[in-house]
Amino acid sequence: MSGSFQTSTRLQTQVVVSMAGGNQRVCLIGAGPSGMSFLYQNEKLKAAGKNYANVVCYEKQSNWGGLWNYTWRTGVDEHGEICHGSQYRDLWSNGPKECLEFPDYTFKDHFGKPIPSFPPREVLFDYLKGRWNKYDLRKYVHFNTTVKHVTYNKTTDDFTVLTKDLASDHDLPPEKFSHVIVATGHFSVPNTPFFEGIDTFPGRVLHSHDFRHAREFKGQRLLIVGSSLSAEDISMQCRKMGSGEVVISYRKKTMGFKWPEGISERPLLTKVDGNTIHFKDGTTAEVDAIILCTGYLYHFPYLPESLRLKTDLSLYPAGLYKGTLWLDDGNNKVFYLGMQGQYYSFTMFDVQAEWTCAVICGHKKLPDRKEMETDVANWLKRLETLTDIKSEIALQTEFVCDLAREVGSKYNFNFNALFNKWADDKLANISTYRDQVYSSVSTSEQGLLHHTPWLSAYDDSLETFINQTPNKISQ
Ligand code: FAD
Ligand code: NAP
Ligand code: MG
């Protein structure tokens with residue numbers, strides 16, 4: 001084992017930490033898929049008898065899973081903290097499960113049999129939990145504990161972290177750490193633009209962060225603002241659940257899908273006048289509710305400015321070596337997981353976590369600063385060459401495979417062909433793309449054909465989904 005000092009309990013006063021070689025004490029913030037991947041990779045090192053880190057994970061929610069820990073709450077949580085959850089009840093995976101499958105823990109490993117390619121929310125969460133339960137990772141997580149402040153101490157080259165026990169409203173004693181990992185996600189704090197007249201709109205106005213249940217909008221005509229994945233999926237969900245007509249308003253460009261009857265796209269709205277929405281092209285539409293699917297802000301209220309990532313959604317946020325290590329301050333001891341725009345998700349977080357673990361535990365040496373800066377600059381240059389979704393997918397594939405190479409992974413993380421098929425399937429028919437099947441890169445096994453087309457599948461329970469008769473209905 002790597003650390004010679006004991007991990008302090010939350011109620012102990014400050015532990016004096018010796019930072020002699022190999023004595024890493026890591027503060028991990030967030031127990032969503034990214035944070036849990038770090039715990040998993042670290043435990044893997046431990047199980048292999050290799051140098052590993054002492055980790056204390058703080059999670060402000062009462063359970064792990066991050067966004068996958070579904071909540072009915074909106075606004076603030078039971079403790080008055082900003083409610084983290086942005087997922088909705090009827091959410092199904094918007095990418096094939098084969099594109100987020102862990103090579104060392106496949107869906108076949110977890111469910112013991114083939115299942116269709118686009119699982120509902122509960123099924124994916126079950127899969128994640130299965131991998132985390134493989135090792136007893138829960139014991140590392142301090143639940144209901146929010147990180148309030150992180151300071152980098154230049155003289156001692158370590159960090160002081162302030163936390164609060166939310167259940168008792170009790171500030172906990174400061175803790176010292178050698179490294180900090182930020183894994184608090186970036187799809188939680190809504191970006192909420194203002195449009196003239198929206199403040200006097202007579203119906204409901206909400207951000208997709210607060211969207212929980214499409215049935216709420218049954219019979220209502222909707223304006224959806226935005227042209228990305230939330231706009232697309234919430235429009236489809238609402239029509240599926242019986243909403244009235246949906247008008248999607250885009251800023252830069254249309255999504256260009258062949259929408260089912262009742263969904264159409266218009267350029268950006270110019271103003272709201274009562275129930276009437278005016279658009280740039282001079283047209284108008286009458287709506288009953290407005291859903292702003294206008295994305296999220298990167299928000300790290302607990303980090304000082306010198307450690308704080310500031311970026312728009314990007315496949316390669318500036319300032320992070322290998323998309324992960326914070327170069328600005330903190331002496332190469334602050335890491336960010338999962339901060340990219342996400343085609344790849346779970347596997348990308350996992351390989352980032354493995355790389356972070358290797359660096360922290362001394363299995364991977366960092367090059368000198370100049371080389372790291374050049375590497376970042378090269379990736380940023382690559383960003384400028386992106387022209388379409390397939391070039392974006394190709395870049396993220398390269399990013400993930402580069403990290404996998406860095407850690408000497410024996411697994412294949414190249415899901416480029418699968419993602420390209422997915423992009424083609426969506427373009428071919430946005431209503432049926434979730435009915436398609438894909439083959440696992442790890443097992444070569446093909447997903448099952450779902451018993452019911454997604455558009456008419458209302459039962460999204462785990463039991464129904466995993467207990468289906470193979471290929472019962474051909475399409
Ligand atoms: P999160 O899941 O956001 O977890 C961050 C954790 O940090 C949370 O548990 C939070 O409580 C905790 N935290 C935050 N602040 C603090 C603090 N100060 N102190 C302590 N803890 C804190 N991805 C897919 O692969 N497939 C999908 O189908 C899919 N659907 C999505 C649907 C929606 C609506 C959204 C918004 C995202 C979706 N995603 C999907 C992407 C999603 O970002 C990832 O799947 C994943 O949840 C990211 O994991 P994470 O750990 O980086 O962040
Ligand atoms: P996003 O990808 O960041 O998109 C934000 C959208 O808002 C963009 O289209 C942007 O327009 C628009 N926008 C921002 N500011 C605007 C303004 N002032 N006026 C008009 N439009 C504005 O955010 P998202 O769509 O919420 O997706 C976030 C994540 O959630 C994604 O990773 C996605 O995979 C996930 N998700 C998954 C599912 C699922 O089915 N499983 C469902 C929903 C979301 P421009 O393009 O013009 O900049
Ligand atoms: Mg996390």
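Ligands are counted one by one from 1 in listed order, and the atoms in each one are counted from 1 as well.
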**Message:** Check for me whether the distance between the ring centres of His186 and Tyr296 falls short of 6.0 Å.
**Reply:** no
**Fill in**
Quick look: Thr145 vs ligand 1, heavy-atom contacts under 4.0 Å, and the answer is backbone
**Request:** Out of Ala353, Pro33, Gly32, indicate the one that has the non-hydrogen atom closest to atom 49 (O) of ligand 1.
**Result:** Pro33
**Message:** When you compare ligand 1 with Glu59, is there at least one nitrogen or oxygen pair between them that comes in under 3.5 angstrom?
**Reply:** yes
**Prompt:** Under the 6.0 Å and 45° cation-pi test, does Lys240 pair with Tyr458?
**Reply:** yes
**Complete:** Going by the 4.0 angstrom heavy-atom rule, the piece of Trp64 near ligand 1 is neither
**Prompt:** Does His207 reach ligand 2, in the sense of a heavy atom lying below 4.0 Å from it?
**Reply:** no
**Request:** Kindly identify the option in Met348, Gln87, Gln61 whose heavy atom sits closest to atom 31 (C) of ligand 1.
**Result:** Gln87
**Request:** Between Asp312, Asp233, Thr294, flag the one that comes closest to atom 7 (O) of ligand 2 by a heavy atom.
**Result:** Thr294
**Which residues share a side-chain contact (heavy atoms from CB on, under 4.5 Å) with Leu297, sequence neighbours left out** = Val189, Asn191
**Prompt:** Do any heavy atoms of Ser93 fall under 4.0 Å from ligand 1?
**Reply:** yes
**Prompt:** Would you say Lys97's side chain and Ile115's backbone share a donor-acceptor pair under 3.5 angstrom?
**Reply:** yes
**Asked** Among Arg251, Gln340, His186, Met255, whose heavy atom sits nearest atom 16 (C) of ligand 2?
**Response** Arg251
**Prompt:** Can you tell me how far CD of Glu305 sits from CZ of Phe300, rounded to the nearest 0.5 angstrom?
**Reply:** 13.5 Å
**Asked** Nearest heavy-atom pair of Pro119 and Phe465: which atoms, and what distance?
**Response** CA-CZ, 3.5 Å
**Request:** Report the member of Val147, Leu100, Ile29 with the shortest heavy-atom distance to atom 18 (N) of ligand 1.
**Result:** Val147
**Message:** Using heavy-atom distances only, which candidate in Trp92, Tyr58, Trp68, Tyr343 approaches atom 29 (C) of ligand 1 most closely?
**Reply:** Trp68
**Message:** Taking only non-hydrogen atoms of Tyr250, do any sit less than 4.0 angstrom from ligand 2?
**Reply:** no
**Asked** Any idea which part of His186 is under 4.0 Å from ligand 1, heavy-atom wise: side chain, backbone, both or neither?
**Response** neither
**Message:** For Arg212, give me all partners under salt bridge (Lys or Arg N to Asp or Glu O under 4.0 Å), at least two apart in sequence or on another chain.
**Reply:** none
**Prompt:** Between Phe419 and Tyr343, how do the two ring planes meet: parallel, tilted or perpendicular, split at 30° and 60°?
**Reply:** perpendicular
**Asked** So which of Pro119, Gly30, Ala183 gets nearest to atom 5 (C) of ligand 1, if we judge by its closest heavy atom?
**Response** Ala183
